Amino acid sequence: MKIAKIIVDVPLMQTDKAFSYRVPDELLDFLMIGMRVHVPFGSANRLVQGIVVDFADEEIFSDLKAVSEVLDPEPVLTKEQLWLADEMRHSVFSYKISCLKAMLPNLLNSSYDKLLVAADGSKLRWSQLTEADKVLSVKKVRSAELSVEYIAKSKENRKTQKFVVVNDVDKLSAFEIEKRAKKRLEMKYYLLRHADEKLSVKDLDFSSAILKFFVENQLVHIEEVELSRTQATFDAVSSDSAKVLNDEQQNAFNHIIKSVEKPFLLEGITGSGKTEVYLQTIAHFLELGKTAIMLVPEISLTPQITNRFIARFGEKVAIMHSGLSDGEKYDEWRKIKSGAAQVVVGARSAIFAPVENLGVIIIDEEHESSYKQDASPRYHARDIALLRAKWHHAALVLGSATPSLESRARAMRGVYELLLLTKRANESAILPDVEIVDMRREISDQSSNFSHVLLSKIKEKIEKDEQVILMLNRRGYSSFVMCRECGFVVDCPNCDISLTLHMDTRTLNCHYCGHVQGIPQTCPNCQSRKIRYYGSGTQKVEEELHEILPEARVLRMDVDTTRTKNAHEKILEKFGHHEADILLGTQMIAKGLDFPNVTLVGVINADTGLNLPDFRASERSFELLMQVAGRAGRADKKGEVLIQTFNPKHYAIELTKSQDYEKFYEMEMRFRRELSYPPYYFTVQVLVSHKDEEVAVQKSYEIAQLLRQNLTEKAKILGPTPRPIARTHNLYHYQILVKYRFEESLERALNQVLELTQLRENKELRVLIDSEPQNFV
DNA sequence: AGCACGCCGACT
DNA sequence: GTCGGCGTGCTC
């Protein structure tokens, strides 16, 4: 008997293993590892989706159930991907099915429903019943008036277009149609007139009944053609060809294509032409008949970037990002799977793209924390890339102007090979002048967001018809509502956090649990009418700018103005056409924008992110400032950068003036060493949540104790401490941070912690394990 | 999760 | 006596 080992789509600890099913005879030759199936599961035999991961001939279980249905004509997951899922599990502390699902487009996940079958054979869909009808139906099921049938359905769908094709013109013209059938006659002549055209059924001006008549009489047939949902992008881009590399670029290129011994860290200042190196590297591997994955942070996955790849590689490119609909993602996935696309450009999850024969993986802006998924499975794209590069013997390139300390340290230790780009690719371009403005000395109006020097520079640039980018650092910042009389701040009822003001919808929103409420007119605490908006949202800065410089045309770019599809691109396009003088935005304007006419970049508040309780606060601030500074003066005009700060002496800010990554690396490493943080130590965070604060405290102490018992004395266990935002979703959160170097039994100990949640007494306890956490706030 | 089984209290 | 409430345990 052939037995299939199947991982079922029930993400729970108790079901997190392969289940055995009998393979029915008719599927013996057909079923393969990596295919999706539907299997009966549980005492009621409801159908769930599963993935075949192995076969066996024997089984200790006696009466196996059989696979009900196979969903794929060929495997949707490769052997490599199944291996990746196994490898991933050592670090992500998630379920295997969750790892596998991360590799598949959403449309390949089944949806489930139930059918209620009456004695007369009539059927009702459970999901379409009202609550009252559901109660009624349950009773009828119990009295056997109705029976239940479980259904599972793969959501996959393809976009197609139907065309009418005339079978034989002569036959059609000879075919007699009664005179009174006016519409049919009309259609006949219409078809004869357009016999050599592709007539889309959708655009046809005749009813389906008329069309049916012609089909039934075999005068025409319907042809269904599959459409790609992402086709449109390619048409608008004009192609381009390789540029000449300077000696540094050429050197980097030569190294990368020569050896796959170890990963490369390509460290290049803004404008040093990293992208051109990427493009030519990919081109090289394509010539060898191999494929490539190019990862870009989600936020910079703009048409400006993707178009460069489309311009170079045309239809060989598949683009994957979160802005695509499920259908579009599925189409791109199939383009890759079938081999039609050989270059994948995408955000984090594109690291799982089903490419075969991989030649090179490139991770641009490798320091970006968004490469780590902050929901389960908590994988880091860099780790997956290392695994895939190993499997395929592919080259791996990590690129950045400001590498993460982890990567740079590995390069220093010789784990990665360091490749430097120190010159701007366009040699006439000069590095911008960076000036730091000490806001403590701005004696003027305390409430203003603008220093005198920044204002006069803005005026100066606008007069010269040049453009300005202003960045408002929103990290660790939000606008809230406070009463000037009693100091009352409007908080979320579920979370210990102040609500954020959204002027466009005129609501107060909780960014954690999604709670929304109106803006109060009077203070809920003291009834004073002096309840005001605080904080510097971009909207408020925009208003102030408008007041001071009424003649300046301002474009605002933040989460509020980019909510709709393509809003992002439209704003950038407008700015590029000089329809505005100032682009005011949050972090999102720091990445990858290239506007030659921008000669001034102003940072309104450099330090809001600096004091966050996160050991990477300095690193993040430095990266951000370096990045935004790179937006100034990219062409022949010299750029200027003004950074407003209350901490002018902080090294993360001071060192942006000289754009000195080396010095920053040195200082930050010293600090990391002193406090035993990465890259000197590895970290793993355990997050414990419970609706009762006392239980949360008690359980987190228990867990910390358990870890202490199982780890060596060299491991440092911090906490438990309340999270910076101690309560969200009506749950109290406590965190434990383990810092370690070599702990053989760590994985086992952490799995033991997870086992604790299986105890009945811990039913309401939530434990989350995050290896190498990126965000502590 | 989602379903069945089983044990207890409130009813025709 | 039975109906239905939810606590408990299992899923090849």
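For clarity, every value in this text was computed on a predicted model and none was experimentally measured. Order of the sequence lines sets the chain letters (A, B, ...), proteins ahead of strands, with each chain counted from 1. Just so it is clear, the values below take in all heavy atoms, side chains as well, and ignore hydrogens, waters and symmetry mates.
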TODO: Using a 4.0 Å heavy-atom cut-off across all strands, classify A:Y112 as base, sugar-phosphate, or nothing.
DONE: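 Since no nucleic acid heavy atom lies under 4.0 Å of A:Y112, the category is nothing.
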Task: For DNA chain C, the residues among residues 93-103 of chain A that have a non-hydrogen atom under 4.0 Å from it - done: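 Residues of residues 93-103 of chain A that come under 4.0 Å of DNA chain C do not exist, since none gets that close.
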- [ ] Anything under 4.0 Å to a heavy atom of chain A counts; send over the first and last such nucleotide of DNA chain B, read 5' to 3'.
- [x]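 That gives a stretch of B:dA1 to B:dA4.
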Open item on the list: Going by the rule salt bridge (Lys or Arg N to Asp or Glu O under 4.0 Å), which residues pair with A:K96 if we only count those two or more places apart in sequence or in a different chain?
Closed with: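 Partners of A:K96 by the salt bridge (Lys or Arg N to Asp or Glu O under 4.0 Å) criterion, ordered by chain and then number, come out as A:D86.
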Task: Protein proximity profile, nucleotides 6-12 of chain C - base contact B, sugar-phosphate-only contact S, no contact -, cut-off 4.0 Å on heavy atoms - done: --SS-BB
- [ ] Sort out for me which residue in A:E693, A:K699, A:R723 forms a side-chain hydrogen bond (donor to acceptor under 3.5 Å, both in side chains) with A:Y734.
- [x]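 Among A:E693, A:K699, A:R723, the one that satisfies the side-chain hydrogen bond (donor to acceptor under 3.5 Å, both in side chains) with A:Y734 is A:E693.
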Open item on the list: Are A:F19 and A:F41, when compared by the centres of their aromatic rings, separated by less than 6.0 Å?
Closed with: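 Yes, the ring of A:F19 comes within the 6.0 Å limit of the ring of A:F41, centre to centre.
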Task: Side-chain donor-acceptor pair present, A:H733, A:S689, cut-off under 3.5 Å - done: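 There is such a pair between these side chains.
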Where the side chain of [X] meets the backbone of [Y], is there a donor-acceptor pair that is under 3.5 Å apart?
X: A:S745; Y: A:N710; result: yes
X: A:Y21; Y: A:P40; result: yes
X: A:H392; Y: A:A394; result: no

Only pairs under 3.5 Å count here: list side-chain donor-acceptor contacts from residues 379-387 of chain A, not counting sequence neighbours, and write none if there are none.
| residue | atom | partner | partner atom | Å |
| --- | --- | --- | --- | --- |
| A:H380 | ND1 | A:R382 | N | 3.0 |
| A:R382 | NE | A:E366 | OE1 | 3.4 |

Open item on the list: Between A:R36 and A:E69, does any side-chain N to carboxylate O distance fall below 4.0 Å?
Closed with: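 Looking at A:R36 and A:E69, the cut-off is not met.
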Open item on the list: Among residues at least two apart in sequence or on other chains, which ones pass side-chain contact (heavy atoms from CB on, under 4.5 Å) with A:E356?
Closed with: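 For A:E356, the residues satisfying side-chain contact (heavy atoms from CB on, under 4.5 Å) (neighbours in sequence not counted) are A:T78.
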